Protein chains: 2
Amino acid sequence: MSKKKGDKKAKSGKKKDLEGLSAADLAPAITQAARSMRTVLSRSLGESGLYAGQDGVILMLAEEDGLTPGQLAMRLGVKAPTMTRTIGRMEAQGFLERRPDGTDGRLTKVHLTETGLKSVEQIGRTVADCGSLAAKGLSDKEVRTLLKLLKTIEHNLQPALADD
Amino acid sequence: MSKKKGDKKAKSGKKKDLEGLSAADLAPAITQAARSMRTVLSRSLGESGLYAGQDGVILMLAEEDGLTPGQLAMRLGVKAPTMTRTIGRMEAQGFLERRPDGTDGRLTKVHLTETGLKSVEQIGRTVADCGSLAAKGLSDKEVRTLLKLLKTIEHNLQPALADD
DNA sequence: AAGTTTAAATAAACAATTTAATTCCGTACG
DNA sequence: CGTACGGAATTAAATTGTTTATTTAAACTT
């Protein structure tokens, strides 16, 4: 009369003990999973000299160099000021470089440096390895299902994230 | 020779365009979903006067009052220093209170104040609502699947999180 | 052509998190 | 006893992340 674990109906005990769980538990669950992921990723990333959050910038620029801070922020799902500061640090660390646009004076373009380029491969591997570790024991289909559900969640949340 | 989008096999176009996705995309996907969730939750929580991350402490203490910082950190999947700081702020905000243990001088016990207790219900509703918003359009079964997969991920990551 | 509005980048302030290092208390051991 | 070890909490330093406000340049309106 205390734990409040599986005393809803104990319907059939079919799978695990997910009986009483519902959407109300979503926020804590995803928060915690992301925290773990971030910590593990961060530790691995440390060997490359960068922090969790910076990896996306490198990988995005590897796909398309010369993006603006605003574009990077948008694509990485982060607010502009966050990107500005992260770019600043990464520039100081020598991974990338800021250059004015030339035609539009408001724009800044971000380019990978030689150092940044050389790190791309390892970063990509680290991120992928972290994902594989997390997905251990899951089938490809389950992983795709998870990705699809996460995408749905984000799609649902997007309207609530629009800037006033 | 450039986009690397859906040119794996283009098997059958069965569902969506999840063709080329795999575990390698897991880390970014969960990171971004969690970021969105955190922002939305944080904005709603703001009306109660607290920030994302503090809600768990309130809810946990509502379930079991008088936990130590270490226990709270453990149960909320956070490191001890994080909890110390969060508790400090929440104490200053008047939501909780620190009391020495009495029998063991090393321990500190954390108790909800009257204000904290009064906020429990609203916090719980806010967190649940945020989850419901995120899960809009998903069936109960899909939500349970998602929770199960998230739990698996965290289980997989746990060993890598053990303190050296 | 001049003034207003929008858009992009940045600056400042507040929080969460982590790792590494400190302090304090209790217990075990010599 | 007194000293060494271990655990719990805290402090310090670094970074991402958000919100709010400021600057600067382009675009649009009279």
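Proteins get letters first, then strands, A, B, ... in listed order; numbering begins at 1 in each. Predicted, not measured: the structure shown is a model, and the values here were computed from it.
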* Structure fact -> note: B/Arg43, atom CZ; C/dC14, atom C1'; distance rounded to Å ~ 16 Å
* Asked: What is the distance from CG of A/Leu107 to P of C/dT10, rounded to the nearest Å?
  -> 11 Å
* Would you kindly give the CG-to-P distance between A/Asp101 and D/dA26, to the nearest whole Å? => 9 Å
* Between C/dA16, D/dT10, D/dT16, which nucleotide has the shortest distance from any of its atoms to the side chain of A/Thr86? -> D/dT16
* Asked: Separation of A/Leu41 atom CG from C/dT17 atom C1', in whole Å?
  -> 14 Å
* Asked: Which listed nucleotide (D/dA14, C/dA9, D/dT10) is nearest to the side chain of B/Pro69?
  -> D/dT10
Review item, nucleotides 21-27 of chain C N/O atoms under 3.5 Å of protein N/O:
unit_1, atom_1, unit_2, atom_2, d
C/dG26, OP1, B/Gly105, N, 3.1

* Please work out which residues in residues 111-133 of chain A have a non-hydrogen atom less than 4.0 Å from an atom of DNA chain D and list them by number. => none
* **Proximity to the side chain of B/Gln54 - top-ranked nucleotide from C/dA16, D/dT10, D/dT18** => C/dA16
* **Length of the CZ-P vector between A/Arg85 and D/dT19, whole Å** => 13 Å
* Asked: Counting only heavy atoms not in A/His155, do more than 12 fall under 6.0 Å of its NE2?
  -> no
* Where along residues 89-96 of chain B does a heavy atom fall under 4.0 Å from DNA chain D? -> none
